[in-house]
Amino acid sequence: PALFMENVTKGSIVSRANSIGSTSASSVPNTDDEDSDYHQESYKESYKDRRRRAHTQAEQKRRDAIKKGYDDLQAIVPTCEQQDFFIGFQKLSKAIVLQKTIDYIQFLHKEKKKQEEEVLILRKDVMALKIMKVNYEQIVKAHQDNPNEGKGHISDEMKFNVFQGIMDSLFQSFNASISVTSFQELSACVFSWIEEHCKPQTLRDIVIGVLHQLKSQLY
């Protein structure tokens, strides 16, 4: 009986020890799981911070680029450097910079068109001078080839009649082609008329026609 009681007592003690051990084990927190959750949460917060920082940097770059663009416009456009009387020397707003830029571009377009028209007029002048040069060269060459031609006795009246016939023929085309609304339009029309009606072949045909007409009157 004593041995039986001893075994029972030992079994009871072991059972209580096991019960206490299991209870203690269940009451101890799982530190490995908590560390994993903490690191995961830290990673998430770090990723959000990086995204927020990248977005902030991109937005700042965009604002810097816009600011640089407006600063460049203000430096390029001459009217932006001239402060208005009411604005004084305050910094121009973006709206004013854009408006002044638009006005300056429109001004440049008008100047470009005006210069193109002046270039066109100058080209016509050059063309007319070239035609006159060719005509004079042909007259000089013809005189050099036949130095004795035209030395016959011709009255001044006959010379005037020839000149009048040539001028009358030219004036008809001149009067039909020339507009005198403005000096610029007159200049353009004159050179256009010279190019069309004062070609060497045209003048030659006019002179021949006048001479034939006077010849028929004389004979």
Side-chain angles (χ1 to χ4, degrees), residues 18-134 177-199:
N18 290 334
S19 176
I20 293 172
S22 62
T23 304
S24 300
S26 62
S27 63
V28 175
N30 191 347
T31 57
D32 293 339
D33 293 340
E34 289 185 355
D35 290 342
S36 177
D37 294 339
Y38 174 76
H39 288 300
Q40 187 175 2
E41 187 67 24
S42 299
Y43 174 77
K44 289 182 179 179
E45 291 180 358
S46 178
Y47 176 72
K48 290 181 179 179
D49 291 339
R50 287 198 299 270
R51 286 192 60 185
R52 187 181 298 108
R53 185 166 53 254
H55 176 73
T56 303
Q57 292 175 353
E59 180 66 18
Q60 186 62 39
K61 286 182 180 180
R62 186 183 71 86
R63 292 181 179 180
D64 292 341
I66 293 175
K67 181 179 181 301
K68 184 179 182 302
Y70 278 102
D71 291 340
D72 292 342
L73 284 177
Q74 196 164 352
I76 293 173
V77 178
T79 54
C80 288
E81 297 179 356
Q82 302 173 0
Q83 297 289 344
D84 294 337
F85 176 77
F86 295 102
I87 298 177
F89 291 96
Q90 297 178 1
K91 185 177 180 180
L92 297 178
S93 65
K94 294 179 180 179
I96 293 178
V97 172
L98 287 178
Q99 186 59 50
K100 287 182 175 291
T101 302
I102 292 172
D103 295 340
Y104 185 63
I105 291 174
Q106 292 176 348
F107 168 76
L108 290 179
H109 277 301
K110 291 180 180 179
E111 287 295 314
K112 181 175 178 292
K113 185 177 180 181
K114 181 180 178 181
Q115 291 177 358
E116 289 176 350
E117 293 176 354
E118 291 178 353
V119 169
L120 180 61
I121 293 175
L122 291 175
R123 285 179 179 174
K124 291 182 177 181
D125 292 345
V126 171
M127 183 62 65
L129 292 173
K130 286 182 179 180
I131 293 173
M132 294 173 64
K133 178 177 177 291
V134 172
S177 305
I178 300 302
S179 174
V180 292
T181 305
S182 63
F183 179 78
Q184 184 176 1
E185 187 174 356
L186 174 63
S187 301
C189 291
V190 166
F191 291 112
S192 176
W193 171 78
I194 290 175
E195 292 176 5
E196 183 177 357
H197 297 281
C198 295
K199 297 178 181 178

Got a list of side-chain donor-acceptor pairs under 3.5 Å for residues 60-68, not counting sequence neighbours?
residue, atom, partner, partner atom, Å
Gln60, NE2, Asp64, OD1, 3.1
Arg62, NE, Glu59, OE1, 3.4
Arg62, NH2, Glu59, OE2, 2.6
Arg63, NE, Glu59, OE2, 3.3
Lys67, NZ, Asp71, OD2, 3.0
Lys68, NZ, Asp72, OD2, 3.0

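The OH atom of Tyr70 lies 9.0 Å from the OG1 atom of Thr101; values are rounded to the nearest 0.5 Å. Between the CG atom of Leu120 and the CD atom of Glu118 there is a distance of 11.0 Å, given to the nearest 0.5 Å. Going from atom CD of Gln74 over to atom CG of Leu98 covers 11.0 Å, rounded to the nearest 0.5 Å. Here the OG-CD distance, from Ser177 to Glu196, works out to 6.0 Å after rounding to the nearest 0.5 Å.
There is a side-chain donor-acceptor pair under 3.5 Å between Arg50 and Ser46.
Screening residues 122-134 for side-chain hydrogen bond (donor to acceptor under 3.5 Å, both in side chains), with sequence neighbours left out, gives Lys133-Glu137. Pairs of residues two or more places apart, or lying in two chains, that qualify as side-chain hydrogen bond (donor to acceptor under 3.5 Å, both in side chains) and include a residue from residues 105-114 are Lys112-Glu116.
Under the rule for a side-chain contact (heavy atoms from CB on, under 4.5 Å), the partners of Gln99 that lie at least two apart in sequence or sit in another chain are Asp103.
For Ile131 against Glu195, the heavy-atom pair with the smallest separation is CD1-CA, 4.0 Å. The minimum heavy-atom distance between Leu73 and Cys80, with the atom names listed, is O-SG, 4.4 Å.
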